[in-house]
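All remarks here apply to the structure that follows.
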Amino acid sequence: MLSSVLIANRGEIAVRVIRTAKRLGLRTIAVYSDADANAMHVKLADEAYPIGPAPARDSYLVIDKIISVAKQAKAEAIHPGYGFLSERAEFAEACAAAGIVFVGPPASAIRAMGLKDGAKALMQKAGVPVVPGYHGAMQDGKFLKEKAYEIGYPVLIKAVAGGGGKGMKRVDKAVDFDEALASAQREAQGAFGDPRVLIEKYVLSPRHIEIQVFGDTKGNVVHLFERDCSLQRRHQKVIEEAPAPGMPEAMRAAMGQAAVEAARAVGYVGAGTVEFIADGSAGLQPDRFWFMEMNTRLQVEHPVTEAITGQDLVEWQLRVASGERLPLLQENLAIHGHAVEARLYAEDPEKGFLPSTGKLHALEFGMAEGVRIDTGVEEGAEVSPFYDPMIAKVIAHGATRDEALDRLGEALGGTVVAGPRTNVTFLKALTEAEGFRAGDFDTGFIDRNVEALGAVPQPMDAKAAAVGAHHLIRKQLKRFARSEDSESAMRAADPWSVVGSDGFVLSSTAWARTQSILVDGEKQTVGLRWSVNGPVVTLEGREFPMDQVGRWYPYGHDAQIDGEARAIERLDRVFVIRNGRQTEVRAFDSLDVDLDHLDGGGSVKAPMHGKVVQVFVEPGQQVEKGDRIAVIEAMKMEHTLVAPTGGTVTMVAVLAGEQVAEGAPVAAIEAAEGQEKAA
Ligand code: ADP
Ligand code: ADP
Ligand code: MG
């Protein structure tokens, strides 16, 4: 066995690799960017070395820095995790040149599978079925459009160098082709430095089913069955499971064999995944699946395979990298039960799934039998805008699919995140969604059900806002009494404590109070008064009696509604979690400038930290509501900003190529007469 390993990654995967490496007795070496100095993977490793500024291209992606740290720390091996340098053949070569073991396949295998066009050609030769389409060298727009016509719409434009669903556009009609192509090329250039694309037939009722393969240096290759990753959004996986629902044994055998052949064709060593797209329109069938790509690394969703096989895939990787043979042969591998994984993201499903960064003011995971949490952050940490905003993977194993889904739902239901918005309620809704439960779904399931899954703007949660307002006002009273550390002084100033301690009831008007608050940034007026039964909050003309008032806890939950709202006080705000959803309440300060409503027309602001890719308007221009204003690239995805109202563009504050901060003004529109005002 190797004696030491450097983990050239961050977040949950770095933590996960370190855990297994330590268990096997390896000395673990972490690297970190400036943004990650206090990260969990840094604390957990035996040693940690800084590698530069926060942007990945200046730290985690710099091969020379990683290699020089590895040499300095005398690392025997480097584990690349996923993403970052994991699929860069030059990195594997640089390791070899420095005499360091690369925990992964040979550089030649990475290269063979690295570009989707070359990989498809190679697989075709090896007899593996591939998706029909054009994957040649010609990149002329007119030519590609002709190819799309020949293939027949709908087609999928894919970045040849693609990954993570980036640079991928489905096109349904010829009229949309040019724009989709331009956008795919831009995204591809931005994310991979390579604008080339290929065109594929878009498979209808597509199911994403992939096979985990493993090879060793002695020529053995096995597969560890399939994972179904069909629950996707923007071609990115949201929930993954193993085995695939409705998978006939004959198809499992055919796919397993095709995947092993694919791996053999490139001399594969270590962990890899062969991704297939299957036509699920008439149920899964052994002759209706096609090769999409091979990921030459450990996959994000590998834990579901670990759960059903009882194997530790990182241990397998380290054993194979040490020159050992595969721990098990094909005939010794079997599927036990069912496992599901949900990716918990710091993003806001109610706002188009925009990443939502910031400090994790609270972070607790719900627990249930058979549940495993893989995370790289803890309470108090930041979800930084520089990297993938994944908070954790929640993995549940059970004897049956239903049991696994129940357990996953239970764990998600008990998960509390305050600060960034998350997709936790969305994930929970997915675990309960009828079609998905029934195993009747394809990659379009989420898009078809966004509304039912709650991923659309939701009205204010007035109950949660009332709980938050109550906390906030109590907090102000406490501060007012300057009794931060003296509970008795606080009680004297706090009407509810007065009642609690001596039973004396103040008249209902004595403590009535009205004030302005911000609920998720929207101004609201709340009233708070005391009734014999406890405090009552008024909001939007409704009364909300608080049904439980206990003692004062600095961060406590001393007032609730229906026993289901949890208030978390941090700094100047209160986060209320109710039914998994977060409502943020803070005092309204008249000095706060509300940019949204400043001009009465439409101010277009950057929804997140990112780079302006394109600006479509100039001052003086007339726009209609919904017209494109600009495209911002963040987290390697393009986000189109549209006009919130029709009217005249009065100001454009950005230039293409510029970086913008979250909330920065992009453009202003003066509403035309009769146009609805921006809400
Ligand atoms: P997977 O099935 O493993 O999700 P994808 O290629 O669809 O495969 O998505 C994984 C991609 O997500 C990586 O290639 C990388 O671009 C991105 N990614 C996600 N999390 C991280 C991370 N912690 N570090 C680096 N890259 C990440
Ligand atoms: P990436 O490298 O970004 O992971 P993939 O080629 O693996 O790109 O495709 C990502 C996702 O896009 C798949 O999981 C699938 O949902 C969808 N997809 C890819 N190719 C097709 C296709 N030909 N037909 C339908 N859906 C597809
Ligand atoms: Mg893929």
Side-chain angles (χ1 to χ4, degrees), residues 82-84 86-88 110 113-124 128-135 147-148 151-172 180 183-185 187-188 190-192 194 196-213 226-241 244 255 259 262 272-281 284 288-302 341 343 388 441-448 635-638:
Y82 55 71
F84 293 146
S86 62
E87 294 182 272
R88 292 266 293 274
I110 301 179
M113 290 297 187
L115 296 175
K116 290 189 199 307
D117 53 352
K120 284 182 76 175
L122 193 81
M123 290 300 107
Q124 221 160 11
V128 176
V130 304
V131 189
Y134 175 74
H135 45 86
K147 284 290 160 194
I151 294 163
Y153 288 96
V155 298
L156 197 61
I157 305 175
K158 277 188 189 180
V160 161
K166 292 154 203 159
M168 190 177 296
K169 302 282 161 190
R170 173 181 167 162
V171 194
D172 291 317
S183 175
Q185 287 169 331
E187 253 182 54
F192 316 108
D194 180 348
R196 286 177 300 151
V197 296
L198 58 83
I199 318 275
E200 266 180 22
K201 176 84 190 157
Y202 188 86
V203 173
L204 294 173
S205 289
R207 288 270 296 272
H208 174 119
I209 301 180
E210 58 186 33
I211 303 282
Q212 174 71 54
V213 294
E226 78 278 8
R227 290 184 289 256
D228 190 323
C229 312
S230 302
L231 279 194
Q232 302 186 346
R233 211 185 63 78
R234 299 179 87 165
H235 310 301
Q236 297 187 70
K237 299 157 187 170
V238 176
I239 287 191
E240 305 101 337
E241 61 183 307
M255 288 184 94
T273 294
V274 184
E275 295 190 331
F276 296 97
I277 194 90
D279 175 352
S281 57
L284 295 175
R288 305 289 292 163
F289 69 87
W290 301 272
F291 172 86
M292 274 193 302
E293 66 162 344
M294 180 170 187
N295 292 328
T296 53
R297 53 167 162 91
L298 193 66
Q299 202 93 332
V300 175
E301 59 276 17
H302 74 278
E341 170 183 289
R343 300 187 186 194
D388 186 272
F441 63 101
D442 58 36
T443 59
F445 185 86
I446 288 179
D447 281 344
R448 285 193 300 272
M635 309 276 180
K636 302 267 184 261
M637 297 287 292
E638 290 192 350

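Every number for a ligand or one of its atoms is a count from 1 in the order of the listing. Everything numeric here is computed off the predicted structure, so don't read it as measured data. Numbers here simply count residues along the sequence, with the first being 1.
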Could you list the atoms of ligand 2 found under 4.0 angstrom from a heavy atom of V131? 23 (N)
For H208, is at least one N or O under 3.5 Å away from an N or O on ligand 2? yes
Side chain, backbone, both or neither: the part of V203 lying under 4.0 Å from ligand 2 by heavy atom: both
Do E210 and Q299 have side-chain N/O donor and acceptor atoms under 3.5 Å apart? yes
So, S86 side chain and G83 main chain: donor-acceptor pair closer than 3.5 Å or not? yes
Numbered atoms of ligand 2 (with element) below 4.0 Å of Q232, judged on heavy atoms: 11 (C), 13 (C), 14 (O), 15 (C), 16 (O)
Specify the closest pair of heavy atoms between V203 and W290, including all atoms of both residues, with the distance to one decimal. CG1-CZ3, 4.0 Å
Shortest non-hydrogen contact from C229 toward E240: SG-CG, 3.7 Å
Heavy-atom distances under 4.0 Å decide this one: backbone, side chain, both or neither, for K158 against ligand 2? side chain
Is a side-chain N or O of K201 found less than 3.5 angstrom from the main chain of G152, in a donor-acceptor match? yes
Nearest heavy atoms of I209 and A244, plus distance in Å: CD1-CB, 4.1 Å
If only atom types and distance count, is the side chain of E275 paired as donor or acceptor with the main-chain N or O of E293 below 3.5 Å? no
Identify, by atom number and element, the atoms of ligand 2 in contact range of T443, meaning under 4.0 Å from any of its heavy atoms. 16 (O)
State the atom name: nearest N, O or S atom of E293 to the Mg ion (ligand 3). OE2
If we ignore hydrogens and angles and just use 3.5 Å, is the side chain of S230 paired with the main-chain N or O of H208 as donor and acceptor? yes
contact_flag K116 ligand 2 heavy-atom lt 4.0 Å: yes
When you measure from the Mg ion (ligand 3) to each N, O or S atom of E275, which atom gives the shortest distance? OE1
Which atom pair, heavy atoms only, marks the closest approach of A148 to Y153? CB-OH, 3.6 Å
Polar-atom distance check: L156 versus ligand 2, any N or O pair below 3.5 Å? no
Which ligand 2 atoms, with their elements, are less than 4.0 angstrom from a heavy-atom of H235? 10 (C), 11 (C), 12 (O), 17 (C)
Ligand-residue contact atoms, ligand 2 with G162, heavy atoms, under 4.0 Å: 2 (O)
Atom 22 (C) of ligand 2: which of Q236, M294, R233, K201 has the nearest heavy atom? K201
